[in-house]
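The structure displayed is predicted, hence computed values, not measured ones. Worth knowing before you read on, the calculation uses all heavy atoms, side chains too, and leaves out hydrogens, waters and symmetry mates.
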Amino acid sequence: MAAVFLKSIILQTIRTENNCLRRCLGKYIVQKMALAQLPLPASVPRLSYLIHAKAFSTVEDSQHERKKRKNNETDFSNIGRKISERIIHVFDEKGNDLGNMHRADVIRLMDERDLRLVKRKPSTDPPEYQLMTGTQIHQERLRLREREKARPKTGPTLTKELIFSSNIGQHDLDTKSKQIQQWIEKKYKVQVTIKKAKNAEEPENKMEELFNQILQTMPGIATFSSRPQPVKGGKAVICVLRHLSEKEEIAYRQSQETQEGNPLNKENGNDKKSDILHQ
């Protein structure tokens with residue numbers, strides 16, 4: 001009897017568990033089917049549309065092209081056959097004025113003479129162009145590059161400093177002078193300090209003579225920004241050297257030309273040169 005009762009309880013428990021599993025699985029399957037039948041959210045196609053539109057957008061490309069075209073206008077380069085204007089004013093490779101020409105005639109002239117076309121004054125009406133050879137374009141680029149390097153840079157002038165003793169040897173003094181000249185040519189100011197040698201009997205003007213000797217190695221290049229003056233109770237002498245100004249360079253060249261043209265001035269040549277360098 002007990003065995004029959006236990007068997008019935010086990011069967012009822014199995015049926016209950018099967019019903020629970022069937023209900024759970026049924027709910028899961030219904031949810032999956034409902035999700036599969038729902039339409040995609042509206043935001044998804046809108047996002048893909050925006051991405052698609054951005055991929056084919058020409059705003060960034062137009063800005064890049066304008067920037068590139070602006071750089072090309074300021075650069076000295078061959079424009080090839082891409083002449084945007086119908087009528088242009090043309091100069092030949094020798095600088096002769098050919099007047100206004102149709103772009104088709106200019107292209108034909110380029111082919112006949114194997115020339116390149118560069119812009120001279122694109123802002124004029126009609127714009128000015130010049131025919132040039134490849135060698136002429138290369139030389140002009142080099143000239144513009146050198147002029148750009150020679151252009152003075154804005155900002156405060158930097159100062160270099162050099163210190164040595166008054167008992168310096170001639171070889172070391174020549175080396176120091178070359179270093180100073182390199183700085184001066186780069187538009188630096190150079191502060192030079194000469195310390196009086198210890199336990200050495202030297203003339204009182206020994207250190208000033210060293211300054212003059214350094215300056216005389218750079219004729220037409222450098223002069224005193226501040227003349228030598230004693231510091232630290234006379235234990236050292238300091239001065240500042242700088243590059244000649246444009247007016248001083250012109251005056252120096254004129255004095256040199258005058259001395260070369262008039263033999264009578266050669267006797268006093270050293271004195272005049274010294275006066276310019278010590279301005």
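- Among residues at least two apart or in separate chains, salt bridge (Lys or Arg N to Asp or Glu O under 4.0 Å) pairs with a member in residues 103-118 are Arg81-Asp111, Glu93-Arg113, Asp105-Arg108, Asp114-Arg116.
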>> I'd like to know whether Phe211 forms a side chain to side chain contact (heavy atoms under 4.5 Å, CB included) with Val192, so could you lay out the CA-CA distance, the side-chain angles of the two residues, the decisive distance to 0.1 Å, and finally the verdict.
In response: CA-CA 8 Å; Phe211 284 120; Val192 182; 3.6 Å; yes
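- Both Ile221 and Leu215 are part of a single hydrophobic cluster, where members link through side-chain heavy atoms under 4.5 Å apart.
- Following chains of ILVMFWY side-chain contacts shorter than 4.5 Å, one can reach Phe224 starting from Ile184, so the two form part of one hydrophobic cluster.
- Atoms CG and NZ, from Leu131 and Lys94 in turn, are 13.0 Å apart once rounded to the nearest 0.5 Å.
- With 3.5 Å as the limit, one finds a donor-acceptor pair spanning the side chains of Gln170 and Gln213.
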> When you look at Tyr188 and Thr159, which way does the side chain to side chain contact (heavy atoms under 4.5 Å, CB included) test go after all the steps?
Replying inline: CA-CA 6 Å; Tyr188 289 111; Thr159 302; over 6 Å; no
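- To the nearest 0.5 Å, the span separating CD on Gln191 from OG on Ser225 amounts to 10.5 Å.
- Residues satisfying the side chain to side chain contact (heavy atoms under 4.5 Å, CB included) criterion with Ile163, sequence neighbours excluded, are Glu161, Thr193, Lys195.
- The closest donor-acceptor contact from the side chain of Ser165 to the backbone of Ile168 lies at 3.5 Å or more, if one exists at all.
- Applying the ring-ring contact (aromatic ring centres under 6.0 Å, His included) test to pairs two or more places apart or on separate chains, those with a residue in residues 90-118 are His89-Phe91.
- With hydrophobic clusters built from ILVMFWY side chains whose heavy atoms lie under 4.5 angstrom apart, Leu115 does not share a cluster with Val118.
- Sequence neighbours left out, not one pair with a member in residues 177-186 passes salt bridge (Lys or Arg N to Asp or Glu O under 4.0 Å).
- Residue Leu109 forms a side chain to side chain contact (heavy atoms under 4.5 Å, CB included) with just one option from Val90, Leu98, Leu117, and that option is Leu98.
- For the pair Phe164 and Ile194, the minimum side-chain heavy-atom distance is below 4.5 Å.
- Checked by atom type and distance alone, the side chain of Thr217 never pairs as donor or acceptor with a backbone atom of Ser177 at under 3.5 Å.
- Relative to the ring axis of Tyr129, Lys119 does not place its NZ or CZ within 45° and under 6.0 Å from the centre.
- Inter-residue side-chain proximity for Ile88 and Glu128 is flagged as unmet; no heavy-atom pair is nearer than 4.5 Å.
- Partners of Val231 by side chain to side chain contact (heavy atoms under 4.5 Å, CB included), not counting sequence neighbours, listed by chain and number: Ala236, Ile238.
- The backbone N or O of Ser166 lies less than 3.5 Å from a partner atom in the side chain of Lys206, making a donor-acceptor pair.
- The shortest heavy-atom contact between Leu241 and Ile214 is CD1-CG2, 4.3 Å.
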> Are Lys189 and Leu158 close enough, and set up right, to give a side chain to side chain contact (heavy atoms under 4.5 Å, CB included), and what steps lead you there?
Replying inline: CA-CA 6 Å; Lys189 287 186 176 181; Leu158 300 178; over 6 Å; no
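- Looking at Val237 and Glu208, their side chains never come closer than 4.5 Å, going by heavy atoms from C-beta outward.
- Expressed to the nearest 0.5 Å, how far CD of Gln256 lies from CZ of Arg253 amounts to 11.0 Å.
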> Taking it one step at a time, do Leu173 and Leu210 satisfy side chain to side chain contact (heavy atoms under 4.5 Å, CB included)?
Replying inline: CA-CA 9 Å; Leu173 182 62; Leu210 289 175; 3.9 Å; yes
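- For the residue pair Asn100 and Pro126, the shortest heavy atom distance occurs at OD1-CG, 3.4 Å.
- In this structure, Arg120 CZ and Met132 CE are separated by 9.0 Å, a value rounded to the nearest 0.5 Å.
- In terms of modelled atom types and a separation under 3.5 Å, the side chain of Asp92 and the main chain of Gly95 share a donor-acceptor contact.
- The shortest side-chain heavy-atom distance between Gln139 and Leu142 does not fall under the 4.5 Å cut-off.
- Between Glu248 and Arg242 a salt bridge is recorded (basic side-chain N to carboxylate O distance below 4.0 Å).
- A single hydrophobic cluster is not seen to contain both Ile79 and Leu144; linkage of ILVMFWY side chains at heavy-atom distances under 4.5 Å, directly or through other members, places them apart.
- Legend: residues meeting salt bridge (Lys or Arg N to Asp or Glu O under 4.0 Å) with Arg143, ordered by chain and number and at least two apart, are Glu140.
- Under the 4.5 Å side-chain criterion, counting only non-hydrogen atoms from C-beta, Ile87 is not in contact with Met101.
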